[in-house]
Every structure is written in structure tokens, then in C-alpha cells.
Amino acid sequence: MLAVILEANDPHEKEIITYFRRFENLTVYLQEICHRQTKKKVIFLSGEIDKEQIKKCSSVAKILPISSNYPLLSRLGDHSSNFGFSYKGVDFYQDSLQIFAGLNAVDNEKNVRKVMSLMQSLGLNCTRMGAFKPRTSPHSFQGEEEKCLQYVFSAAKDYEIKVIAMEITSEKQLEMIVSKLQLYNDPPGVMLQVGTRNAQNFELLKALGQQKDFPVLFKRGYGITLEESLNAAEYLAAYGNNKIIFCLRGVKSLFAAEHRNMVDFAQISMLKRLTRLPVCIDPSHAVGTLAGDLDDIPDIFNVCAQGIITGANMLLLDVHPEPLSSPVDDGQILNFEQFSLLLKDINFCRNSYVKRKGIVGAKKNIFAQEEIYS
Ligand code: PEP
Ligand code: MN
């Protein structure tokens, strides 16, 4: 694969794409690659082409060979940590942190409002609200589905929530979300969550790739390799959407018990090194219990700390006013008091991460770092 980086604001972009599309053996992908301050248009070319034929385009700034197995997500040899995107005025970069705490499963309007009001009072402007729940058993609660969308979006407006993470399992659900958002002049943002069970639902990934209105929170598959999950995330980019966040939520393993999954947050820095994607952690689904250690610190707090102190960019967390009344996953959900305490711990860990960058990162010359940024 070759990456052809275009000059900034090139007026001939369309002609250049048309030029490359003429080559029969070539697959052409156009990506907009965002840094915090700059945007670059990059054309990825898969197939046979002579570099001389590329140079015929006057506005090519640089040509790079890309060896990554997920080239559209790759870093293009760039070491910087400000890849990402901004959505509804909220920053999602490899050096920022956003907190999405809220209802794993929306149960009623009162609880939606209580959660959003808490977020607002804590100075947070994002939340999670599960309307469509993929469940192991068809007899389990499937979510409030379409009927909750309007009261969720209206509450978001009232409590100044800018982005809601919401899982969808089909294109039909996306249409429902779009049609409800049309009722607002300035609708709240929705981050579409691809759940672990759908990590390799390629038709869903293609559909979410084709639309560019909503960013996608892609959860790693729980029973497939990281490489396979990254290839699945590559589908989103291949179909045109590069507002993607990669979420670690643990993997299924017999070795994990008593945790629900084997916590995988050690992979945060590796994912950032291998891709341009901001990385999210979901301690609730990774750990699945509120049990604690001998210092009375719950495991969820401890793994959350591990993720934040190593630079996680987003946190997805289950919070409910009365966790035991939640229709799903009640054993892992924090109540308001517990979440407010966790937030203090999160701030402490984030500050520690920033300090660690100053202490360890400043000594980068003592580590061999050549060519590790794919
Ligand atoms: C969820 O976040 O509500 C969820 C179902 O998570 P996962 O897909 O990671 O199991
Ligand atoms: Mn769940």
C-alpha cells in the first residue's frame, strides 16, 4: 500500500482522485487525517502503480510506502500524539481524556435525567446511554429501544450533554437515531458503539464506515485476536469514516475468573503506537464486579487507574442511580457516590500520567525508538 499525501487545501483533489481511479488494478481510498491543528488529505493506493505515474500529479507532497496490515489506521511514520478528531466541540485525540459514564441500559426517563444531571453537576459533558442491548438470551431485557430515544435526546439538550455513546447492532437502529435527531435544530452528538459481539459484523462495519456523521466507538472482539479486531476497525476507515475510537473491554478467558474478562489495558500504548486511534477503556465490562482489594479499593477502580495512568483517551463506565434495579449487568454498576469518588481517583491518575510523561518521556534518548511508529 502507498500513501500519497496531498498538499494542504489542494483545489485539484477531485481531479487527482479521478486520475488514480483510471488505473484498473488500483484500489483508491481517500482519507482525511486529522491532527489537533491540521488536516491532511491522504490517498491510499492498493495495487500496482509506478511511482513516476504518481509524481505526474502536481500537488503530491509526499509518497510513503505503508507496511502495516491496517494501513488506513496507521500513523504514516508520524510520532506525534495529537492524532484524532473533534466532534460536537469535544476533543477525541491520542492525548486527551473524555469520560462517558452512564446507563449501560436505559430503563426509564427519570433515571436518564438523574444520570445526566449528575454528569452536569460534575462538569462532564458526555455520557453513555444503552437503548439497544444485544443479549445472550432472547428472554432477557432487550433495551427500551426506539421508544427511549426522544426522551434521551431531550434530556441531553436540557443537561448540556454534548455526546452520548450508544450501541447499535443494525442499520435500522441507526435510521431510528437519525430520524429522532432530526427533531432538533442543534441535536446532541451520538457516538455509535459497535459492541464486542459485533466486532466482526462486517456489513454493520461497512454501513457505519459509509456514514460520516457519527464517530464510531469500536469495541475489540472478545474472542478474536487483537490483529483481527484491528482489521475489523480498518473496515470503518476503508468505507470512509475515520472518526474511530478503539475500545479495550477485556477478553474472554478461563484465566480471568473472578473477573468477567481478562483485563487488557496494558495494550493502550501499543494501540496508540500501531494506529492513529484514540483508545478507550471499559473497566465495567472488563472486571464485571465491584469487589475490592485488601485496602478496600474496588478492582474497577484499580484497573481504571491502570488505564488512565498509562494514557487512556476515553473511559466508558456503567453508572446508575440504583444499580441493583438496573435491568442488565447490575453487579458491575457504580452508584452516584461511588462514581463521584472514582472521578477523584481518575483526576489523580490523569495528573500522574501527565507527570510521568515529564519524568520518563523526557528521557526518551535512553530507549531505542527508531521506526516503531508504523
Ligand atoms: C456495553 O457496553 O453495554 C456492552 C454490551 O459492552 P460489550 O460489547 O463490550 O460487551
Ligand atoms: Mn453489558
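Note that the coordinates shown come from a computational prediction; the quantities given were computed from them, not determined experimentally. For ligands, and for the atoms within them, numbers begin at 1 and follow the listed sequence.
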With heavy atoms of Lys133 as the reference, note each atom of ligand 1 found under 4.0 Å away. 1 (C), 3 (O)
Any idea which atoms of ligand 1 are less than 4.0 Å away from a heavy-atom of Asn104? 3 (O)
Out of all atoms in ligand 1, which are within 4.0 Å of some heavy atom of His285? Include the element for each. 1 (C), 2 (O), 3 (O), 4 (C), 5 (C), 6 (O), 10 (O)
Which of the numbered atoms in ligand 1 are under 4.0 angstrom from any heavy atom belonging to Glu167? 4 (C), 5 (C)
Tyr87 ring center near Phe92 ring center (under 6.0 Å): no
Which of the numbered atoms in ligand 1 are under 4.0 angstrom from any heavy atom belonging to Lys219? 1 (C), 2 (O), 4 (C), 6 (O), 7 (P), 8 (O), 9 (O)
Residue Gln193 vicinity, atoms of ligand 1 by number, heavy atom under 4.0 Å: 1 (C), 2 (O)
Among Leu204, Leu205, Asn242, find the one that has a side-chain contact (heavy atoms from CB on, under 4.5 Å) with Leu236. Leu205
Under 3.5 Å: donor-acceptor pair, side chain of Glu234, backbone of Leu73: yes
Among Lys219, Arg249, Arg220, which residue meets the salt bridge (charged side-chain N to carboxylate O under 4.0 Å, His left out) test with Asp264? Arg220
With sequence neighbours left out, the residues meeting side chain to side chain contact (heavy atoms under 4.5 Å, CB included) with Tyr19 are Arg22, Phe23, Gln53, Lys56, Cys57
Any salt bridge linking Lys172 with Glu175? Criterion: basic side-chain nitrogen under 4.0 Å from a carboxylate oxygen. no
So if I count the atoms of ligand 1 from 1 in the order they appear, which ones are less than 4.0 Å from some heavy atom of Gly195? 8 (O)
